Amino acid sequence: MSKTVLITGASSGIGKATAELFAQQGWHVIATVRSPDQATDLKQLKRLTVLGLDVTDSDTIQQAVAAAIAQLGQIDVLVNNAGYALVGPFEASSPAQIQQQFATNVFGLMEVTRALLPHFRQQGHGTIINVASVGGRVTFPLYSLYHSTKWAVEGFTESLQYELSPLGIRVKIIEPGPIKTDFYDRSMDVMTQPGLTAYDAVVNTAMPKMNQAGATGASAESVAQVIYQAATDNSPRLRYGANSILLLTLRKLLPDSLFFQIVRRALL
Ligand SMILES: NC(=O)c1ccc[n+]([C@@H]2O[C@H](COP(=O)([O-])OP(=O)(O)OC[C@H]3O[C@@H](n4cnc5c(N)ncnc54)[C@H](OP(=O)(O)O)[C@@H]3O)[C@@H](O)[C@H]2O)c1
């Protein structure tokens with residue numbers, strides 16, 4: 001029998017590539033998006049159902065999860081992928097921007113997870129794959145708020161494994177490096193404040209370099225392959241790098257001071 005995956009943020013980038021890959025591999029795919037009317041490509045695919053789901057809107061989460069279970073009977077894998085970056089000098093942020101960043105990347109991911117847990121418990125299995133980032137393990141200039149959400153996802157997921165594995169539920173963390181998607185333009189929220197010029201030197205140096213890393217980054221399809229591996233390798237492994245192994249290894253091996261020096265040299 002075909003398995004079923006539910007993916008958040010499937011309208012573009014990593015989420016869309018993941019939906020396409022699972023469908024090609026014969027899975028039933030529940031591709032959830034904020035604007036189902038615009039998901040015309042996805043709707044062409046066999047075994048794929050597009051449902052509306054905004055991770056900051058509890059009603060849409062409940063409705064989409066109920067509709068997915070009613071339609072397919074069983075969901076085997078959840079991919080919590082929806083997310084975006086709020087970047088710039090922290091001092092230029094507004095409380096509303098910070099709320100929205102955490103509502104999407106952290107609280108939304110938690111709420112979708114909680115909505116699926118009763119189903120996973122009842123069926124005695126399930127895999128929750130959280131798309132964090134290499135930015136959940138290391139940090140770069142001007143990404144303080146984004147990093148704080150992805151570090152939260154790392155801690156949340158790592159701890160969950162202890163209570164969920166006895167119930168047959170696996171958790172996985174995906175840690176992509178720079179990936180060429182809408183992340184660096186359409187989806188990005190850039191913090192600026194008129195008259196706040198003290199950070200101009202850092203902004204003017206680091207931002208173009210970070211954006212360049214995105215423009216020359218790996219493909220969304222390569223991350224989809226890693227997510228597929230995490231869904232199917234039948235292992236208790238928690239973390240999966242994607243275009244990030246070198247950086248993660250350096251972070252593990254080097255003392256803080258040396259690692260920070262490398263980041264400064266590369267980006268400032
Ligand atoms: N690109 C990178 O370099 C990179 C690196 C590491 C980790 N990541 C992570 O990978 C994930 C996917 O990003 P991406 O690179 O594929 O960028 P993307 O192409 O911009 O995709 C982001 C997706 O998240 C969706 N989304 C945003 N807010 C949402 C909400 N409130 N409810 C539901 N969906 C929402 C977007 O939907 P709309 O189309 O409606 O905006 C879009 O489908 C994110 O969690 C990101 O943090 C990306």
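What you see is a predicted model, and the numbers here were worked out from it, not measured in a lab. Just follow the structure's listing: the first ligand is 1, and inside any ligand the first atom is 1.
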Trainee: Just by distance, do the side chain of K43 and the backbone of L48 share a donor-acceptor pair under 3.5 Å?
Mentor: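 It does not hold such a pair.
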Trainee: Check ligand 1 against T56 and write out every atom of the ligand that is under 4.0 Å from a heavy-atom position of the residue.
Mentor: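 This gives 31 (N) as the contact atoms.
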Trainee: Does G177 have a heavy atom less than 4.0 Å from any atom of ligand 1?
Mentor: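 G177 counts as a contact of ligand 1 under the 4.0 Å cut-off.
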Trainee: With a 4.0 Å heavy-atom cut-off (strictly under), which part of P178 contacts ligand 1: side chain, backbone, both or neither?
Mentor: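 Backbone only.
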Trainee: Quick one: does R239's side chain have a donor or acceptor within less than 3.5 Å of a partner on I174's backbone?
Mentor: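 Not at all, since once roles are kept as given, no pair shorter than 3.5 Å links the two residues.
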Trainee: List every atom of ligand 1 that sits less than 4.0 Å from any heavy atom of G83, numbering the atoms from 1 in the order shown and giving each element.
Mentor: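 Answer for ligand 1: 22 (C), 24 (O), 44 (C), 45 (O).
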Trainee: Using a strict 4.0 Å cut-off to heavy atoms of S187, name the atoms of ligand 1 that fall inside it.
Mentor: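 Under 4.0 Å from S187, ligand 1 has these atoms: 18 (P), 20 (O).
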Trainee: Is there any N or O on Q100 that sits under 3.5 Å from an N or O of ligand 1?
Mentor: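 No.
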Trainee: Given the rule in the side chain to side chain donor-acceptor pair (under 3.5 Å) test, do S58 and E111 qualify, once you have shown the distances and angles that lead to the verdict?
Mentor: CA-CA 8 Å; S58 303; E111 195 160 350; 2.6 Å; yes
Trainee: Can you name the closest pair of heavy atoms from L21 and A224 and give their distance?
Mentor: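 In terms of heavy atoms, the two residues are closest at CD2-O, 3.4 Å.
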Trainee: Heavy-atom contacts under 4.0 Å between T104 and ligand 1: side chain, backbone, both, or neither?
Mentor: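 Looking at T104 and ligand 1, just side chain atoms fall under 4.0 Å.
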Trainee: Heavy-atom distances under 4.0 Å decide this one: backbone, side chain, both or neither, for K180 against ligand 1?
Mentor: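 Under 4.0 Å from ligand 1, K180 contributes no heavy atoms.
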Trainee: Before signing off on this row, confirm whether Y84 and ligand 1 have an N or O atom pair separated by under 3.5 Å.
Mentor: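 No; the residue has no nitrogen or oxygen that sits under 3.5 Å from a nitrogen or oxygen of the ligand.
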Trainee: Examine G15 against ligand 1 and note whether any of their N/O atoms are separated by less than 3.5 Å.
Mentor: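 No: no nitrogen or oxygen of G15 is under 3.5 Å from one in ligand 1.
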Trainee: Please state whether K150 comes within less than 4.0 angstrom of ligand 1, counting heavy atoms only.
Mentor: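 It does; at least one heavy atom falls under 4.0 Å.
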Trainee: Do me a favour and list the nearest non-hydrogen protein atom to atom 47 (O) of ligand 1 with residue, atom name and distance?
Mentor: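 Residue, atom and distance for the closest contact: Y146 OH, 2.6 Å.
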Trainee: Please determine whether ring-ring contact (aromatic ring centres under 6.0 Å, His included) holds for the pair F183 and Y84, giving the CA-CA distance in whole Å, both sets of side-chain angles, and the decisive distance to 0.1 Å.
Mentor: CA-CA 6 Å; F183 180 89; Y84 73 97; 8.8 Å; no
Trainee: Which is it for A132 and ligand 1 at heavy atoms under 4.0 Å: side chain, backbone, both or neither?
Mentor: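 The backbone, only.
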Trainee: For the 3.5 Å polar cut-off, considering only N or O atoms, please tell me whether P176 and ligand 1 meet it.
Mentor: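 Not met; the criterion fails.
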Trainee: Provide, to 0.1 Å, the distance between atom 40 (O) of ligand 1 and the closest protein heavy atom, together with that atom's residue and name.
Mentor: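 Atom 40 (O) of ligand 1 sits closest to the protein heavy atom R34 NE, 2.9 Å.
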Trainee: With a cutoff of 4.0 Å, is R186 in contact with ligand 1, counting heavy atoms of the residue only?
Mentor: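 Yes, R186 has heavy atoms under 4.0 Å from ligand 1.
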Trainee: So, does T205 use its side chain to make a donor-acceptor pair with the main chain of L268 at under 3.5 Å?
Mentor: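 The answer is no, because no donor-acceptor pair under 3.5 Å joins these two groups.
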Trainee: For ligand 1, which is the ligand I care about here, please tell me if I14 has any N or O atom under 3.5 Å from one of the ligand's N or O atoms.
Mentor: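 So ligand 1 has an N or O lying under 3.5 Å from an N or O of I14.
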Trainee: Which of the listed options, A213, S12, A17, holds the heavy atom that is closest to atom 21 (O) of ligand 1?
Mentor: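 The residue whose heavy atom sits nearest atom 21 (O) of ligand 1 is S12.
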Trainee: Looking at Q123, I'd like to know if its CD atom is crowded, meaning that more than 12 non-hydrogen atoms belonging to other residues, nucleotides or ligands lie closer than 6.0 Å.
Mentor: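 Counting neighbours around CD of Q123, more than 12 heavy atoms of other residues, nucleotides or ligands fall under 6.0 Å, so yes.
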Trainee: Report, in ascending order of atom number, the atoms of ligand 1 lying under 4.0 Å from any heavy atom of G13.
Mentor: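 So the atoms of ligand 1 that pass are 16 (O), 19 (O).
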Trainee: For H28 and F22, I'd like to know if the aromatic rings sit close, meaning centre-to-centre distance below 6.0 Å.
Mentor: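 Distance test on ring centres: not under 6.0 Å, no.
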Trainee: Is there any N or O on S11 that sits under 3.5 Å from an N or O of ligand 1?
Mentor: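 Yes.
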Trainee: Whether R170 and D233 form a salt bridge (side-chain N of Lys/Arg under 4.0 Å from carboxylate O of Asp/Glu) is what I want to check.
Mentor: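 Not counted as a salt bridge, because no side-chain N and carboxylate O are separated by less than 4.0 Å.
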Trainee: Report the part of L53 in contact with ligand 1, treating N, CA, C, O as backbone and CB onward as side chain, heavy atoms under 4.0 Å; options are side chain, backbone, both, neither.
Mentor: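 L53 to ligand 1: backbone contact only, side chain stays beyond 4.0 Å.
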Trainee: Based purely on interatomic distance, does S133 place a nitrogen or oxygen under 3.5 Å from a nitrogen or oxygen of ligand 1?
Mentor: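 It does not: no N or O of S133 is found under 3.5 Å from an N or O of ligand 1.
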Trainee: Applying a 4.0 Å heavy-atom criterion (strictly less than), which segment of K16 is in contact with ligand 1: side chain, backbone, both, or neither?
Mentor: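 For K16, there is no contact with ligand 1 at all, from either part.
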Trainee: Is S222 reaching over with its side chain to a backbone N or O of A220, donor-acceptor style, under 3.5 angstrom?
Mentor: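 Not confirmed, S222 side chain does not pair with A220 backbone.
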Trainee: Would you indicate which of V131, V134, N81 comes nearest to atom 45 (O) of ligand 1 when only heavy atoms are counted?
Mentor: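 Residue with the shortest heavy-atom distance to the ligand atom: N81.
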Trainee: Between T56 and Q100, is the side chain to side chain donor-acceptor pair (under 3.5 Å) condition met? List the steps.
Mentor: CA-CA 8 Å; T56 66; Q100 187 64 18; 4.5 Å; no
Trainee: Backbone N or O of Q24 within a donor-acceptor pair of the K46 side chain at under 3.5 Å?
Mentor: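 Not a single qualifying donor-acceptor pair exists.
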